[in-house]
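Ligands are counted one by one from 1 in listed order, and the atoms in each one are counted from 1 as well. The figures that follow rest on heavy atoms only: side chains count, while hydrogens, waters and symmetry mates do not.
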Amino acid sequence: MTDEELVQKAIEYRKNSYSPYSHFAVGAAVLTKSGKVFGGCNIENASYPVGICAERTAISKAVSEGERDIVALAVVGDTPGPCSPCGMCRQFISEFKIPKIIMANLKGVRKTVTLEELLPFGFTDSDM
Ligand code: THU
């Protein structure tokens, strides 16, 4: 699976976004070492903080299926530039040491960064 194919998966999953409060739809997709793809979208809640971001939905789907070895994550929003994961998602991405993060939008913009670039000085198990 190419990076662009993973972005296209994230775009597909974005269509399932449940975002009646922000009206900001986000899609994500993760690729596992075994070659499987898990997609996710943001799912909001009337109690706002209860909502979950697309990235954490996609990662949770992979991990709960026993697929913890994730090699790439793509995230897409209708943003002017590349759609950037929030701080909480960066920490979640860091937990599973996802080495490649592809940030994209609907206009064809793509920016690929490493985990180190996404979350410098992150708190990890090695800090405990
Ligand atoms: N959102 C994501 O799904 N991923 C991010 O990394 C940024 C924010 C969602 C959360 C909320 O449903 C909406 O975008 C507006 O913040």
Side-chain angles (χ1 to χ4, degrees):
M1 151 121 353
T2 65
D3 288 2
E4 186 55 32
E5 282 167 343
L6 196 62
V7 168
Q8 291 304 320
K9 282 281 178 194
I11 290 173
E12 270 177 45
Y13 276 90
R14 180 179 172 273
K15 293 177 188 148
N16 298 330
S17 167
Y18 176 71
S19 42
Y21 305 106
S22 72
H23 304 287
F24 183 72
V26 184
V30 294
L31 175 66
T32 67
K33 197 177 177 185
S34 61
K36 291 186 188 146
V37 175
F38 296 87
C41 59
N42 55 332
I43 306 169
E44 299 185 345
N45 192 279
S47 176
Y48 292 2
V50 175
I52 185 167
C53 294
E55 300 93 311
R56 280 177 289 132
T57 303
I59 296 167
S60 298
K61 283 176 66 181
V63 172
S64 61
E65 293 297 326
E67 295 280 348
R68 274 186 215 159
D69 203 341
I70 300 171
V71 296
L73 175 144
V75 56
V76 178
D78 190 10
T79 39
C83 186
S84 179
C86 77
M88 192 182 280
C89 286
R90 289 175 195 221
Q91 185 67 24
F92 209 87
I93 290 165
S94 159
E95 184 66 26
F96 297 100
K97 300 181 169 50
I98 302 176
K100 178 159 71 171
I101 299 92
I102 307 147
M103 303 179 279
N105 70 9
L106 299 180
K107 300 179 190 87
V109 173
R110 276 94 179 97
K111 183 173 174 64
T112 302
V113 295
T114 64
L115 179 56
E116 259 307 302
E117 289 168 323
L118 188 73
L119 187 62
F121 306 107
F123 179 79
T124 69
D125 53 358
S126 62
D127 292 306
M128 295 176 77

Revision key, fill the gap. For Met128, the hydrophobic cluster (side chain heavy atoms closer than 4.5 Å, chained through members) also holds Phe123
Between side-chain atoms of residues 47-57 and protein atoms elsewhere (two or more places apart, or another chain), which donor-acceptor pairs fall under 3.5 Å?
from: Thr57; atom 1: OG1; to: Cys41; atom 2: O; distance (Å): 3.0
from: Thr57; atom 1: OG1; to: Cys53; atom 2: O; distance (Å): 3.0

Check your understanding: Side chains of Glu4 and Gln8: do they bring a donor and an acceptor to under 3.5 Å?
Key -> yes
Check your understanding: Going by atom types only, do Glu117 and Thr114 share a side-chain donor-acceptor pair under 3.5 Å?
Key -> yes
**Study point:** Sub-4.0 Å heavy-atom environment of ligand 1, residues by chain
**Key:**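 Its neighbours under 4.0 Å (heavy atoms only) are Ser22, Phe24, Val26, Asn42, Glu44, Cys53, Ala54, Glu55, Ser84, Pro85, Cys86, given by chain and number.
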**Study point:** Gap between atom OG of Ser34 and atom CG of Asp69 - 0.5 Å precision
**Key:** 8.0 Å
Identify every side-chain donor-acceptor pair in residues 73-84 under 3.5 Å, counting partners at least two apart or on other chains, and give the distances.
from: Thr79; atom 1: OG1; to: Gly77; atom 2: O; distance (Å): 3.3
from: Thr79; atom 1: OG1; to: Gly81; atom 2: O; distance (Å): 2.7
from: Ser84; atom 1: OG; to: Arg90; atom 2: NH2; distance (Å): 2.5

